[in-house]
Amino acid sequence: MKARNEIKATARLALWTLAWVATLALASFPSLWDSQPVASWAAVAASLAVGIGMIVAHARLLREMDELQRKIMLDALAISLGAGFVGGMAYVVADAADLIAFDADAGMFPVLLGIVYLIAYAVGNLRYR
């Protein structure tokens, strides 16, 4: 029964994540909202609301996982949060000090977090085999 609930929670999280990515993409296209600030704010609000739904779905998934999987996921989340703060802030400081040739791009932040999370999650699964 617990495994079935975990599968459902994972599917819900996947759907919320896809919906959030879609609303974020929609809100990100400034050409769609030129000279329409109300529409722009509505798109941002929709992305924020769906993002909150994704966060809630993620919390529900954590509650459905067994203790070992939860530990692996929480460890991976902690590592990616730390890497995001440390790496992201180092990147911003290096950019502000003109130590790097290209401007800091906010789009790189979720890429960094995603890569670090996937590696940490995979390592955690291998470690507890």
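From a predicted model like this one, the values you see are computed outputs, not experimental measurements.
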- Query: Does the Ser80 side chain pair with the main chain of Ala76, one donor and one acceptor, at a distance under 3.5 Å?
  - Reply: yes
Check your understanding: Mind checking whether Leu18 and Tyr117 sit in one hydrophobic cluster, side chains of I, L, V, M, F, W, Y counted as touching below 4.5 Å?
Key -> no
Note: Met54 and Leu13 closest approach over all heavy atoms is O-CD1, 3.6 Å
Discussion item. Do Leu68 and Ile72 have side chains that approach each other closer than 4.5 Å (heavy atoms only, starting at C-beta)?
Written reply: yes
In this structure, OH of Tyr121 is separated from CG of Asp75 (nearest 0.5 Å) by 11.5 Å
For Gly84 and Leu112, the nearest pair of non-hydrogen atoms, with its separation, is CA-CD2, 4.2 Å
So CD1 of Ile79 and CG of Leu113: to nearest 0.5 Å the spacing works out to 12.5 Å
Checklist line | Intermediate values then yes/no, side-chain contact (heavy atoms from CB on, under 4.5 Å), Arg4 and Lys8 | finding: CA-CA 6 Å; Arg4 176 174 276 160; Lys8 285 181 182 179; 4.2 Å; yes
N/O donor-acceptor pair under 3.5 Å between Asp95 side chain and Tyr91 backbone:
no
Here the gap from Arg60 atom CZ to Asn5 atom CG, rounded to the nearest 0.5 Å, amounts to 12.5 Å
**Prompt:** Any link between Val21 and Leu24 through a network of hydrophobic side chains (Ile, Leu, Val, Met, Phe, Trp, Tyr) touching at under 4.5 Å?
**Reply:** yes
Check step by step if side-chain contact (heavy atoms from CB on, under 4.5 Å) holds for Met65 and Met73.
CA-CA 9 Å; Met65 291 181 146; Met73 184 175 279; 3.3 Å; yes
side-chain contact (heavy atoms from CB on, under 4.5 Å) between Ile55 and His58, worked out:
CA-CA 5 Å; Ile55 292 167; His58 196 262; 5.6 Å; no
Output for pair (Leu15 CG, Trp20 CH2), nearest 0.5 Å, gives 15.5 Å
Rounded to the nearest 0.5 angstrom, the CG-NZ distance for Leu62 and Lys71 is 13.5 Å
Q. Given Leu77 and Leu81, is the side-chain contact (heavy atoms from CB on, under 4.5 Å) satisfied, shown in steps?
A. CA-CA 6 Å; Leu77 289 169; Leu81 177 65; over 6 Å; no
Exercise. Spell out, yes or no, whether Ile119 and Val111 are grouped together once hydrophobic residues are joined by side-chain heavy atoms under 4.5 Å, including indirect joins.
Key: yes
So CD of Gln69 and CG of Leu61: to nearest 0.5 Å the spacing works out to 9.5 Å
